[in-house]
Number of protein chains: 2
Amino acid sequence: MKDKPLRSAPTPSVRRMPRYLRCLHALRSDRVEWISCTFLAERLNVDPTLVRKDLALTGITGKPKVGYYLPDLIMAVERFIGWDNPEDAFLVGAGHLGTALLGFEGFARHGLNIVAGFDNDPTKVGTTVADKPILDAAKLPDLAQRMHIRIGIITVGARNAQAVADLMLSGGITAIWNFAPVPLDLPEDVILENEDLSGTLAVISRRLAASGI
Amino acid sequence: MKDKPLRSAPTPSVRRMPRYLRCLHALRSDRVEWISCTFLAERLNVDPTLVRKDLALTGITGKPKVGYYLPDLIMAVERFIGWDNPEDAFLVGAGHLGTALLGFEGFARHGLNIVAGFDNDPTKVGTTVADKPILDAAKLPDLAQRMHIRIGIITVGARNAQAVADLMLSGGITAIWNFAPVPLDLPEDVILENEDLSGTLAVISRRLAASGI
DNA sequence: TAGATTGTTAATCGATTAACAATC
DNA sequence: TAGATTGTTAATCGATTAACAATC
């Protein structure tokens, strides 16, 4: 019942939220009830003001001298990220990477519920991976539409990634998490996040090369 | 023989380099010889000045009106990232994610040469994945030291990640690419890059939740 | 030459950090 | 109360974008 239930927030802040959350969950296991962002900041090795601003984004308010009430804070952060009610997702590409993602138990706690995998390899179609069915990729658009799936995860190779993305769009999917090492050509309004391994690799290589001097 | 062979560069710039490189390689296949950063910028949908500044970091100079000589540019960018001579690496955790990474052909062209995988599952030790041997994790420190390995890739679960990191450090590894969803506690001088899936997931979830309003 | 493009300096923008009054 | 902590406003910092002279 807040005035501004969901406003746009700085992406770096959103990215930090899971780190706070992990720390908060650990504190809850320790039966902590009140938590100051001074403490949180020290634990995560970031600036206290930054933590305070980030937490303020979730709409929660703390009490001077005591901090934030932990259960409320956890709920506020989860609600802010949208992890309070997990979203169903489809994954295409049941190779090793896809299998790894299908098997990640953690996703459920991270607002993501992968309900099925897709592939066009006939030897894979009809099997299950981590209790999730692997279906024929051709069936994706129809199923996605009927199940109102909004998130698609691409774990196919570079060659097929764009075709898979198009397939997802035709099924009404509006957010794509792309693990293929190619830029995708998508409409402006589609939410796209690339898991940019080569970018990370470049940072590591560069630092290593520079440190050798 | 430049004055400043390797200076610190903005991380966002370094992250963009692989995108330029991919585009440049494609242009080379098309037999293009000269390339302007105006063109590159348009193709990659970024600001031309940004491209110019990024490319300037590599030390290359272009010619007004013509642009940059493609072969030189590619070499300059690769050299800047440190991809001109690939670096050997060890990977620990031969699960699905580890197997996927061991099998990525693309890494060789990205300055990374994973020479072996490690695990402590006896059924995996002694096998090969993508022609790479899976060895007993206990042997890592000694081997890493003898082979002067500097890069370690962690693809084990959250529980074991810190232990694996410590193992790597004891083997003299100085750069860690961490795929486990836990923050690692490492000395300041160790190069660390986390593949932060939950952060990405938060960004997607948040955008999706916000778009629903 | 004219005009496109480079290289560089200045302006803007956004995120982080610092400062400080309000408060329990 | 005294002191720690919140919430907010101002300053800093770094990256991106704009402006423009130099150049082939």
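Within every chain, numbering begins at 1; the chains are lettered A, B, ... in the order of the sequence lines, protein sequences first and strands thereafter.
Put simply, CG on Leu55(A) is 9 Å from P on dT6(D), counting in whole angstrom units. Following rounding to the nearest Å, Phe39(B) (CZ) and dT5(C) (C1') show an atom-to-atom distance of 15 Å. In this structure, CD1 of Ile60(B) is placed 17 Å from P of dT5(C), rounded to the nearest angstrom. Put simply, CD1 on Ile35(B) is 17 Å from P on dA4(C), counting in whole angstrom units. The distance from atom CZ of Arg15(B) to atom C1' of dA15(D) is 15 Å, rounded to the nearest whole Å.
Within a 6.0 Å sphere centred on CG of Asn85(B), heavy atoms belonging to other residues, nucleotides or ligands number more than 12.
Look at Tyr68(A) and you'll find a side-chain N or O under 4.0 angstrom from OP1 or OP2 of dG7(D).
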Output, in order, the C-alpha distance, side-chain angles, deciding distance and verdict of side-chain contact (heavy atoms from CB on, under 4.5 Å) for Phe80(A) and Val14(A).
CA-CA 9 Å; Phe80(A) 175 80; Val14(A) 177; 4.1 Å; yes
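The closest side-chain heavy-atom distance from Leu140(B) to Met168(B) is below 4.5 Å. Counting heavy atoms from C-beta on, the side chains of Ser211(A) and Asp189(B) never come closer than 4.5 Å.
For the residue pair Glu195(B) / Thr200(A), a side-chain donor-acceptor distance below 3.5 Å is found, with atom types taken as modelled.
The shortest non-hydrogen separation linking His110(A) to Ser198(B) is CD2-CB, 3.4 Å.
In the helix from dG3(C)-dC24(D) to dC24(C)-dG3(D), the end axes, each obtained as the rotation axis mapping the C1' atoms of four pairs onto the next four within a five-pair block, lie 0° apart to the nearest 10 degrees.
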Report, as a single string ordered 5' to 3', how protein heavy atoms within less than 4.0 Å touch nucleotides 16-24 of chain C: B base, S sugar-phosphate only, - not at all.
SBB----BB
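With values rounded to the nearest 0.5 angstrom, Ile149(B) atom CD1 is found 10.5 Å from Thr174(B) atom OG1.
A distance of 6.0 Å or more separates the ring centres of Trp34(A) and Tyr68(A).
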